[in-house]
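All heavy atoms count here, side chains included; hydrogens, waters and symmetry mates do not.
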Amino acid sequence: MSTEAPGTADTGTSYSFRDLEARWEPVWEELGVFTPKDDGSAERRYVLDMFPYPSGDLHMGHAEAFAMGDVVARYWRQLGYDVLHPIGWDSFGLPAENAAIKRNAHPAEWTYANIDTQAASFKRYAISADWSRRLHTSDAEYYRWTQWLFKRFYEKGLAYRKDHPVNWCPKDQTVLANEQVVNGTCERCGTAVTKKSLNQWYFKITDYADRLLDDMEALKGHWPERVLAMQRNWIGRSEGAHVDFAIEALEASEDERKVTVFTTRPDTLHGATFFVVAADAALADELVAPEHRDVLAAYQEEVKALSEIERQSTERTKTGVFLGRQAINPLTGARLPVWAADYVLADYGTGAIMAVPAHDQRDLDFARAFDLPVRVVLDTGEEDPAVSGVATSGEGTLVNSGELDGLGKAQAITRAVEIVEAAGTGRHTVNYRLRDWLLSRQRFWGTPIPIIHCPDCGEVPVPDDQLPVRLPDNLRGEDLAPKGTSPLAAAADWVNVSCPSCGGAALRDTDTMDTFVDSSWYFLRFVSPHYTEGPFDPEAARNWMPVGQYVGGVEHAILHLLYARFFTKVIHDLGLLEATEPFSALLNQGQVLNGGKAMSKSLGNGVDLGEQLDRFGVDAVRLTMVFASPPEDDVDWADVSPAAAGKFLARAWRMAQDVSSPAGGDPETGDRALRTVTHRSVAEAAELLDSGKFNVVVAKLMEMVNATRKAIDSGAGSADPAVREAAEAVAVILSLFAPYTAEGMWEQLGHEPSVANAGWPVVDPHLLVQDTVVAIVQVKGKVRDRLTVPADISEEDLRELALASEPVQRALDGRELRTVIVRAPKLVNLVPAS
RNA sequence: GCCCGAGUGGCGGAAUGGCAGACGCGUCGCACUCAAAAUGCGAUAUCGAAAGGUGUGUGGGUUCGAGUCCCACCUCGGGCACCA
């Protein structure tokens, strides 16, 4: 093939990525250069890539993400920090289970075989990881601590069970968290999600809604804005009021009761013309009048039959039934008919609303469908909603609202809250969209929930000294097939235990945890992966946390990152951890596309990483990933050229070969012009690396190589110490991107391995100062001339020089000057009178 | 509908308010070669013979000076959405 990479010939003197890979991988392994000293002798820094799920071998996406993380790790190491850069696997999860069912095997076989494959690939890919800290979440030694943490959550009331309608994936036969439902379909398999009422385990993440929101302030500027926006959106804070509505008794014997609604628009209380409760909430059954019970039941059946996709459609005409009862508006005393409808959600707010059709589109749609009155209370100057069918929600003046009349919207909101607060029928409140995290799953390959159900004692946690609750190892193949209840229930000798509390016969909880639980604390385990007294050594956590740079895909913007933040806060509250945030900086690397589209089997546009590595070499692939675009942007493999990256690497390598001066010479005696380029480039590279512009750093490296090549061929010559200095600087910086080539260059230049320990090149500040600079001369903002002037030229002199310039005079054409801007020594702008 | 982000050559992309297009891909030309590959050198926004003009999605604005800041809009990408 014509695109074959250069240097495949094995001549010994030409660039061969195969030789370099074969030579250095074992050397690095032996040297152990990537294990942190962890002795406090240098400032510690923690860089982490989102750990992979072991689905087959590594793919292009891994190659991109880990190339980015590795640049950071290697850069920090060159700067002299003690760097923690661990690797592990998120190894529980459905695919292993499905593979096991298909092959009549145990999920562990598939999982650990894949992990070995990926580990070998990571080593080949030259990830500078500390392999001694490797962990897998499916190891009993790991999930023991996942269970331990679950128990601490349980003790704090942050893990609880409840009966509730939950998201159910009919294909995977398991429940899903809200975060795992995308547009009404299962995030994993795309099947339409249905609702099912089940008793399930939840983490009370809603207790942390305000802190999860407020603490994002500190992440601003260090996390991508869009991730913060997504989390903000997901938490969905909304300020408003709780208002109590009395419910009229139907007969004297019945107790009067009240129902509280949540509203963001207490200013429109006078505009409420009816009252709606969620059809699937217990409230609907409690409020329905006896003679309406059958109608409600029929309606509820109808609602249940709808898929989530249908139910969420805003196109649908509103449906609902009258419950035969009235609610009393606490502000006006008006009687409002109580309806049940599916456009009101049972698990948001209080599951009941006051309907203000004039100023809420959904209420208006409902009012028009059932011929209910529309009462305008805020004059916005727009058309009457009852006529237009469009609810008005803008600014305006209150009308038809008693003492609120004449107020603006914001004032009216404040005033209305004051009124209901004074009357004891309402209060200011903050509501969140965030729901509790449904964590139990009816699947096998996950962390068992360490709870025992005793007929006498109820829920009894498994004592700490009996952890881990290991998965039974006698289930395989069909035993694991999804059947709607956990496969663990089939392991009779595992399920049946004696109650730790009373000793009587009891049953283990047979659900396993969502795998997002496992990944919510793995970054903490990495600080002390072999610690046996707890999930992590508090001392080590104090030393390493928080993660200084986290790298991973934006697809985890909500799920993993929100959960990990939640866990960190709870663990902090448990007194185990100082940090309150897990990741102080986040980089979302882009996707690797092919032909403008995500690679996929169905499109047949996949690019195989192994093939690319065979053909172009590890370094060329890594360099291509980094050079193609800013780290956060997508890389389209159809637009880039790993062959060109290989060419550059060969060019850099040849440059090192051509250096003919011995090591240890004095660069001060070398070519000044080349030294200036080298030192300035090194300084710029550091700045660019600090600000994450890795692609531009590669451009700088190319400039350095170009300049050095020129110096060798037609300037100072190969023996000049400045040439050696330049080649060494290139080797060190290149080691962040192309470690094999850089190591080869470093050896060629007469140094001991590893270049990873070389240290960042020291910049001589004198070489950054220029003697002369090119000043640009503008006339009315347009460049007319360029003058080479002393760097310390005075404003007056520069102005004189500019005025003397021939092209400037031509452009001025004799006109008088109105303004002259002089920014010595860089710029003069002459503005003529007319 | 609401909330983020982005629009720069044929392509990927550079550019603390101060020379737009660094670096690379591609293309064209040249050297080396019997020839090719590899390598090296040069050209490459656009109109124009040149002088010079025009150019960073569109329209305004701020400024001596705007790709960069402000306002409005258009297009694309992403997130949320019957959340009261």
Rounded to whole angstroms, how far apart are [atom1] on [X] and [atom2] on [N]?
{"X": "A:Tyr343", "N": "B:A81", "atom1": "OH", "atom2": "P", "value": "19 Å"}
{"X": "A:Asn431", "N": "B:A81", "atom1": "CG", "atom2": "C1'", "value": "16 Å"}
{"X": "A:Arg433", "N": "B:A84", "atom1": "CZ", "atom2": "P", "value": "10 Å"}
{"X": "A:Asp342", "N": "B:C82", "atom1": "CG", "atom2": "P", "value": "11 Å"}
{"X": "A:Gln231", "N": "B:G78", "atom1": "CD", "atom2": "C1'", "value": "15 Å"}
{"X": "A:Asp360", "N": "B:A81", "atom1": "CG", "atom2": "C1'", "value": "13 Å"}
{"X": "A:Phe366", "N": "B:C82", "atom1": "CZ", "atom2": "P", "value": "17 Å"}
{"X": "A:Met702", "N": "B:G12", "atom1": "CE", "atom2": "P", "value": "17 Å"}

Using the [atom1] atom in both, what is the distance from [N] to [M], to the nearest Å?
{"N": "B:G40", "M": "B:G78", "atom1": "C1'", "result": "46 Å"}
{"N": "B:G12", "M": "B:G26", "atom1": "P", "result": "15 Å"}
{"N": "B:C70", "M": "B:A6", "atom1": "P", "result": "12 Å"}
{"N": "B:U63", "M": "B:U58", "atom1": "P", "result": "23 Å"}
{"N": "B:A38", "M": "B:U27", "atom1": "P", "result": "11 Å"}
{"N": "B:G21", "M": "B:A45", "atom1": "P", "result": "9 Å"}
{"N": "B:U8", "M": "B:G77", "atom1": "P", "result": "14 Å"}
{"N": "B:G57", "M": "B:C74", "atom1": "C1'", "result": "7 Å"}

[X] side chain: which of [options] is closest?
{"X": "A:Val831", "options": "B:U39, B:C64, B:A81", "value": "B:C64"}
{"X": "A:Ala644", "options": "B:C64, B:C3, B:C25", "value": "B:C25"}
{"X": "A:Tyr348", "options": "B:C3, B:A84, B:C41", "value": "B:A84"}
{"X": "A:Thr263", "options": "B:G12, B:U54, B:A84", "value": "B:A84"}

Counting distance only, does the side-chain N/O of [X] pair as donor-acceptor with the main-chain N or O of [Y] below 3.5 Å?
{"X": "A:Arg237", "Y": "A:Ile235", "result": "no"}
{"X": "A:Asp342", "Y": "A:Val303", "result": "no"}
{"X": "A:His359", "Y": "A:Thr392", "result": "yes"}
{"X": "A:Tyr299", "Y": "A:Thr319", "result": "yes"}
{"X": "A:Asn167", "Y": "A:Thr194", "result": "no"}
{"X": "A:Asn329", "Y": "A:Leu269", "result": "yes"}

Assigned partner base of [N], Watson-Crick or wobble definition, under 3.5 Å:
{"N": "B:A38", "value": "none"}
{"N": "B:A50", "value": "none"}
{"N": "B:A43", "value": "B:U27"}
{"N": "B:C32", "value": "none"}
{"N": "B:G55", "value": "none"}
{"N": "B:G65", "value": "none"}
{"N": "B:G77", "value": "B:C4"}

How is [X] classified with respect to the nucleic acid when contacts are heavy atoms under 4.0 Å: base, sugar-phosphate, or nothing?
{"X": "A:Arg232", "value": "nothing"}
{"X": "A:Val698", "value": "nothing"}
{"X": "A:Asn706", "value": "sugar-phosphate"}
{"X": "A:Arg237", "value": "nothing"}
{"X": "A:Pro224", "value": "nothing"}

Could you check whether the rings of A:Phe370 and A:Trp339 sit parallel, tilted or perpendicular, using 30° and 60° as the cut-offs? tilted

Is any side-chain N or O of [X] closer than 4.0 Å to OP1 or OP2 of [N]?
{"X": "A:Arg226", "N": "B:G77", "answer": "no"}
{"X": "A:Ser641", "N": "B:G26", "answer": "no"}
{"X": "A:Lys710", "N": "B:G42", "answer": "yes"}

Closest non-hydrogen atom pair, [X] against [Y]:
{"X": "A:Ala358", "Y": "A:Val376", "result": "CB-CA, 3.8 Å"}
{"X": "A:Ile205", "Y": "A:Trp437", "result": "CG2-N, 3.8 Å"}
{"X": "A:Arg433", "Y": "A:Tyr348", "result": "CA-CE1, 3.7 Å"}

Could you tell me whether the side chain of A:Lys318 has a donor or acceptor atom within less than 3.5 Å of a complementary atom in the base of B:C82? yes

Is the base of B:G26 syn or anti, where syn means the angle lies within 90° of 0? anti

Nearest-nucleotide 5' precedence on RNA chain B, A:Arg654 against A:Arg435: A:Arg654

Quick check: on RNA chain B, is the nucleotide nearest A:Thr264 upstream (toward 5') of the one nearest A:Asp633, or the reverse? Name the residue that is more 5'. A:Asp633

Report yes or no: is the cationic atom of A:Lys318 (NZ for Lys, CZ for Arg) under 6.0 Å from the centre of the six-membered ring of A:Tyr343, at an angle within 45° of the ring normal? yes

Scan nucleotides 15-22 of chain B nucleotide by nucleotide, 5' to 3', and note B when protein non-hydrogen atoms come under 4.0 Å of the base, S if they reach only the sugar-phosphate, - if neither. S--BB--B

